[in-house]
Amino acid sequence: MSRRTDLARLKMTRWTAARKGVLLMLAASFFFALMSAVSKRLSQDYSAVQQVFFRNIVGAVFIGISMAGRPVVQKGGKPLMLVWRGVVGTLALYLFFYAIGTIGLGQAVVYQYTYPVFLALLSWFLKNERLGRGEWLAIGLGISGILFIFRPEVSFGLRNQALGLGNALLTALAYFAVRELSAYYDPKVIVLSFMLSGIVLPAASMGIGACYPGLEAWDFLVGSFRMPVHFGDWAAFFALGFFALAGQVLMTRAFSF
């Protein structure tokens, strides 16, 4: 009898944790939607690289203040994976903001949220996680949906469509690393490492853009810096960073469940 009770409690604990994870993901998606809307407004005047740069500066300041007031407790021991998560996540942001400015907000976000399909496949391929029939059916439907919206013949072109879809794959790789890192690091440390990468890499990209202005073909990786003049632009950059931080913390926490 005791064993049955313990099994029932274990199932209930798992269900409660899964439900918390889902709710946190929904909340994170709301803040990421706000971030995407702000990015669409900024894309009219500022490059994707500069948006990534300001997005992470704002977030890093908030996270740094939070960690200074409340030191984290963690096991650590996976520094290379932290760096990997930061680099891949930053490249995914490059492609996401670039897609918002080229193929449009709606289609860029649709591509962005196909990442669970790739994440499930990565879990099966790299971690040997078993997938049931329902999960394989969902993956098949997801891939079919991607094929329906991937239309390179429209005015956006094959290149921009491929970059938009590439963002989903890189996002899946980043979140796969987050799930592994959550057993070793505090969520704040994971987010901060990503944001520091999101400051260093865009700074280097904008430096390359200033020295070599003829790299238009690589405009999704290389950009120029334009100092915001109007208060509305500064407010938009702050909102971009704040909404992104809220979404990132919530999503990182969700993957710990």
Enquirer: Determine which pairs satisfy ring-ring contact (aromatic ring centres under 6.0 Å, His included) with at least one residue from residues 81-106, sequence neighbours left out, and list them in order.
Expert: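 ring-ring contact (aromatic ring centres under 6.0 Å, His included) check on residues 81-106 returns no pairs.
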Enquirer: With sequence neighbours excluded, tell me which residues meet salt bridge (charged side-chain N to carboxylate O under 4.0 Å, His left out) with D186.
Expert: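 Salt bridge (charged side-chain N to carboxylate O under 4.0 Å, His left out) check on D186 returns nothing, list empty.
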Enquirer: So Q248 and F32, do their side chains get closer than 4.5 Å, heavy atoms only?
Expert: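 Heavy-atom side-chain distance check passes, below 4.5 Å.
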Enquirer: Can you label the angle between the F243 ring and the F31 ring as parallel, tilted or perpendicular, going by 30° and 60°?
Expert: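 Ring orientation, 0 to 90° scale: tilted.
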Enquirer: Give the C-alpha distance, both sets of side-chain angles, the deciding distance and a yes or no for side chain to side chain contact (heavy atoms under 4.5 Å, CB included) between L240 and V58.
Expert: CA-CA 8 Å; L240 183 77; V58 173; over 6 Å; no
Enquirer: Can you tell me if CH2 on W218 sees more than 12 non-hydrogen neighbours from other groups inside 6.0 Å?
Expert: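 Incorrect, the count does not exceed 12.
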Enquirer: Of the non-hydrogen atoms in D233 and P228, which two are nearest, and what is the gap between them?
Expert: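 Nearest heavy atoms, D233 then P228: CB-CB, 4.0 Å.
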Enquirer: Give a yes or no on whether the backbone of N160 and the side-chain of T102 come within a donor-acceptor separation of less than 3.5 Å.
Expert: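 Judged by distance alone, no pair lies under 3.5 Å.
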Enquirer: Whether the side chain of S39 engages the backbone of M35 through a donor-acceptor N/O pair (distance < 3.5 Å, no angle test) should be reported.
Expert: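 Looks like no, no N/O pair under 3.5 Å.
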Enquirer: Over 60° means perpendicular and under 30° means parallel, so classify the ring planes of Y115 and Y175, tilted if in between.
Expert: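 Rings of Y175 and Y115: tilted, 30 to 60°.
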Enquirer: Evaluate the criterion ring pair (Phe, Tyr, Trp, His ring centres under 6.0 Å) for residue pair F237 and Y46; output intermediate values, then yes/no.
Expert: CA-CA 10 Å; F237 275 121; Y46 301 94; 5.0 Å; yes
Enquirer: Checking S205 side chain against V222 main chain: does a donor-acceptor pair fall under 3.5 Å?
Expert: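 No; judged by distance alone, with no hydrogens or angles, the pair does not exist.
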Enquirer: Given side chains that start at C-beta, do those of P202 and Q50 come closer than 4.5 Å, heavy atoms only?
Expert: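 They are not in contact (no side-chain heavy atoms under 4.5 Å apart), so the answer is no.
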Enquirer: Is there side-chain contact between L165 and Q161, with at least one heavy-atom pair below 4.5 Å?
Expert: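 Contact flag for L165/Q161 side chains = no.
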Enquirer: Under the 3.5 angstrom rule, does the side chain of S43 hit a backbone N or O of K40 as a donor-acceptor pair?
Expert: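 The answer is yes, because a donor-acceptor pair under 3.5 Å joins these two groups.
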Enquirer: For the atom pair CZ (R85) and OG (S193), what is the distance rounded to the nearest 0.5 Å?
Expert: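 Reported value, rounded in 0.5 Å steps: 6.5 Å.
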Enquirer: Check the surroundings of atom CZ in F225: do more than 12 heavy atoms from other residues, nucleotides or ligands lie under 6.0 Å from it?
Expert: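 Above 12, so yes.
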Enquirer: Looking at CG of L93 and OG1 of T171, how far apart are the two atoms once the value is rounded to the nearest 0.5 Å?
Expert: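 So the CG of L93 and the OG1 of T171 are separated by 7.5 Å.
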Enquirer: Flag yes if more than 12 heavy atoms outside Y113 fall under 6.0 Å of its OH atom; otherwise flag no.
Expert: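 Result for OH/Y113: enclosed.
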Enquirer: Please tell me if the side chains of W124 and L119 come closer than 4.5 Å, counting only heavy atoms from C-beta onward.
Expert: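 Side-chain contact under 4.5 Å: no.
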Enquirer: Would you find a donor on one side and an acceptor on the other, under 3.5 Å apart, between the side chain of R159 and the backbone of A217?
Expert: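 Checked: pair present.
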